[in-house]
Amino acid sequence: MKEPAVSADPTQVLAFETDCHIFDGCGFPAPGLHSFLFKPLVGDGDSNLYFNKTMLLALLGSVIIIGFFWAAFRKPKVVPGKLQMVAESGYDFIRRGVVYETIGKKEGEKYVPLVVSLFFFVWMMNVWSIVPVAQFPVTAIISYPAVLAGIVYILWVSLTFKRHGFVGAFKNFTGYDKSLGAVLPLAMFIEFFSNLLVRPFTHAVRLFANMFAGHTLLLLFTIASWYLLNGIGIAYAGVSFIMVIVMTAFELFIQALQAYVFVLLTCTFIQGALAENH
C-alpha cells in the first residue's frame with residue numbers, strides 16, 4: 001500500500017503525489033493546515049534570517065504594484081494611453097467610489113493614497129491564488145491581514161484622540177449617551193469591548209478567513225481531479241475539474257470583493273474618527 005501523499009516534514013508541503021490515484025491503494029491526500037506551510041527559501045526556523053514563499057510573493061506583489069503605477073504616471077498625458085487609463089480608472093474608482101462616498105471629498109482627500117495602496121496591495125496578495133506557479137493567496141496567512149488591520153487600527157485610534165481629545169475619544173469608543181439611563185454602564189462596556197478589541201480582530205479575520213477557505217476549496221477540487229483520474233473515477237475527475245474552473249472564476253470575484261470590503265471598512269473607521277456627532 002502506498003504511503004499518504006503528505007510529507008512527513010510539516011514544512012515541506014506536497015499538494016499531492018503524482019502517482020497516487022483512486023483504486024491504487026493510497027488514501028485521498030486531503031488539504032489541511034500543512035497546505036499553508038512552506039519550507040524557507042532562505043535561512044531556517046532556528047536562525048534570525050527567514051524568508052519563505054509568502055514573503056517572496058508579498059515582495060513581488062509590492063514591486064508589481066509600484067512598477068505598474070510608476071509606468072502609468074511617470075509621464076502623464078492629457079490624453080492618456082492605455083496603461084495610464086487603466087491606472088486612472090482604478091485610482092478614481094477607489095477615490096470616488098469608496099473614499100469620497102464614505103468620508104467625504106474635503107476630509108477624505110488626504111487619505112486617498114493610503115486607501116488606494118491598501119486596496120491594490122490586498123487585491124494583488126489575493127490574486128496570487130490563481131497565478132500559475134505562485135498559486136497561493138498571501139492573505140491566507142493571518143499575519144498579513146493582521147498587520148494591515150493593525151495599521152488601520154492605529155490610524156483610527158490616533159485620529160480619534162487627535163480630533164476629539166481624551167474625553168471625546170472615550171465617549172466615541174464607548175458610545176456614551178446619557179439618555180440610556182441605567183443601562184449606560186453596560187452599553188459603554190459593550191461598545192468599548194466591541195470597538196477597541198473586536199473591531200480590529202474582525203477586520204483582519206474577515207479577509208483571512210475568506211482567502212483561507214477559498215484556497216482550501218481550490219486545493220480540494222484540484223487534488224481530487226488528479227486523484228480520481230483512474231478507471232471509472234475519470235468521469236468524476238471531469239466533474240471535479242469543472243469545479244476547479246468554476247471555483248477559479250468565483251475566486252476572481254471574491255478576491256476583488258474582499259479587497260473592496262477591507263478598504264470600505266477602513267474608510268468607515270476613519271469616518272467614525274472624524275465625525276463630530278457620536
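Every heavy atom of this structure was used, including side-chain atoms; hydrogens, water molecules and symmetry mates were not.
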query: Is the backbone of A273 close enough, under 3.5 Å, to the side chain of H164 for a donor and an acceptor to pair up by distance?
result: yes
Spatial distance of atom OG1 (T202) from atom CZ (F208) [nearest 0.5 Å]: 14.0 Å
- request: Say whether V147 and F201 are linked into one hydrophobic cluster, either directly or through other cluster members, by side-chain heavy-atom distances under 4.5 angstrom.
  value: no
message: I'd like to check L155 versus I270 (side-chain heavy atoms, cut-off strictly below 4.5 Å). Are they in contact?
response: yes
message: Evaluate F212 against F36 for ring-ring contact (aromatic ring centres under 6.0 Å, His included), listing each step before the verdict.
response: CA-CA 9 Å; F212 184 94; F36 295 82; 4.2 Å; yes
Could you list the donor-acceptor pairs under 3.5 angstrom formed between side-chain atoms of residues 252-267 and any protein atom two or more places apart in sequence or on another chain?
{"residue": "Q255", "atom": "NE2", "partner": "N126", "partner atom": "O", "Å": "3.3"}
{"residue": "T266", "atom": "OG1", "partner": "F262", "partner atom": "O", "Å": "2.9"}

task: Verify, without hydrogens or angle tests, whether N172 (side chain) and G168 (backbone) share a donor-acceptor contact under 3.5 angstrom.
output: no
message: Once rounded to the nearest 0.5 Å, what's the spacing between atom CG of L219 and atom CE of M247?
response: 10.5 Å
message: Heavy-atom count check: over 12 atoms from other residues, nucleotides or ligands less than 6.0 Å from F189 CZ?
response: no
- prompt: Any side-chain heavy atom of K82 within less than 4.5 Å of one from V86?
  reply: no
query: Step by step, would you call L274 with Q271 a side-chain contact (heavy atoms from CB on, under 4.5 Å)?
result: CA-CA 5 Å; L274 300 176; Q271 190 276 332; over 6 Å; no
message: If you compare all heavy atoms of S129 against all heavy atoms of E251, which two are closest, and at what distance to 0.1 Å?
response: OG-OE1, 4.4 Å
Distance, nearest 0.5 Å, that separates CD1 of I142 from CG of L207: 8.0 Å
- request: Treating Ile, Leu, Val, Met, Phe, Trp and Tyr as nodes and any side-chain heavy-atom pair under 4.5 angstrom as an edge, say whether Y111 and I151 lie in one connected cluster.
  value: no
query: Nearest 0.5 Å, what's the CH2-CG distance between W128 and L60?
result: 5.5 Å
query: Does a side-chain heavy-atom distance below 4.5 Å link W123 with V127?
result: yes
field: CZ on F173 to CZ on F161, rounded to 0.5 Å
entry: 5.0 Å
K77 vs Q84 side-chain heavy atoms within contact, under 4.5 Å: yes
message: Please tell me whether V131 and L57 are part of a single hydrophobic cluster in this structure, the criterion being side-chain heavy atoms less than 4.5 Å apart.
response: yes
message: Please find the pair of heavy atoms, one from V138 and one from A58, that lie closest to each other, and give the distance.
response: CG2-N, 4.1 Å
message: Within the supplied structure, the quantity of interest is the number of heavy atoms (other residues, nucleotides, ligands) at a distance under 6.0 Å from F69 CZ; does it exceed 12?
response: yes
query: Can we say R95 and E88 salt-bridge, meaning some charged N sits less than 4.0 Å from an Asp/Glu carboxylate O?
result: no
field: Any donor-acceptor N/O pair, R199 side chain to S194 backbone, under 3.5 Å
entry: no
message: For W226 and L229: C-alpha separation, side-chain torsions, deciding distance, then whether side-chain contact (heavy atoms from CB on, under 4.5 Å) applies.
response: CA-CA 5 Å; W226 181 259; L229 203 60; 4.1 Å; yes
- prompt: In terms of heavy-atom contacts, does CH2 of W156 have more than 12 from other residues, nucleotides or ligands at under 6.0 Å?
  reply: yes
field: Backbone of S35 reached by a side-chain donor or acceptor of H215 within 3.5 Å
entry: no
Donor-acceptor contact present, side-chain K105 to main-chain V99, <3.5 Å: no
message: Could you check whether any side-chain heavy atom of V205 comes within less than 4.5 Å of a side-chain heavy atom of P145, counting everything from C-beta outward?
response: no
- prompt: Under a single-linkage definition using a 4.5 Å side-chain heavy-atom cutoff for Ile, Leu, Val, Met, Phe, Trp and Tyr, are M125 and L59 assigned to the same hydrophobic cluster?
  reply: yes
Flag side-chain contact, heavy atom, 4.5 Å: P29 against Y227: yes
query: Is the F192 ring parallel, tilted or perpendicular to the F170 ring (thresholds 30°, 60°)?
result: tilted
message: I'd like to know if the side chain of N52 and the backbone of M55 have a donor-acceptor N/O pair within less than 3.5 Å.
response: yes
I141 vs F136, side-chain contact (heavy atoms from CB on, under 4.5 Å): CA-CA, chis, key distance, verdict: CA-CA 10 Å; I141 302 298; F136 187 84; 3.8 Å; yes
query: Does the side chain of F121 come within less than 4.5 Å of S62's, by heavy atoms?
result: yes
message: Nearest 0.5 Å, please: how far is CG in D92 from CE in M85?
response: 12.5 Å
message: Can you tell me if F68 has over 12 outside heavy atoms packed within less than 6.0 Å of its CZ?
response: yes
- prompt: Counting only N and O atoms by type, is there a donor-acceptor contact under 3.5 Å from the side chain of S240 to the main-chain atoms of Y236?
  reply: no
- prompt: In the single-linkage hydrophobic clustering (I, L, V, M, F, W, Y; side-chain heavy atoms under 4.5 Å), do I64 and Y144 co-cluster?
  reply: yes
query: Which atom pair, heavy atoms only, marks the closest approach of K110 to P113?
result: O-CD, 3.7 Å
message: Just checking F73: does its CZ atom have more than 12 heavy atoms from other residues, nucleotides or ligands closer to it than 6.0 angstrom?
response: yes
field: Check: I190 and F193 side chains under 4.5 Å, non-hydrogen atoms
entry: no
Atom of L118, atom of L148 and distance for their closest heavy-atom approach: CD2-CD2, 4.0 Å
- prompt: Between V244 and T222, what is the shortest heavy-atom contact and its length?
  reply: CG2-N, 3.6 Å
query: Hey, would you say the F120 and Y91 ring centroids sit under 6.0 Å apart?
result: no
message: Would the distance check show the side chain of S225 and the main-chain N or O of F241 forming a donor-acceptor pair, the cut-off being under 3.5 Å?
response: yes
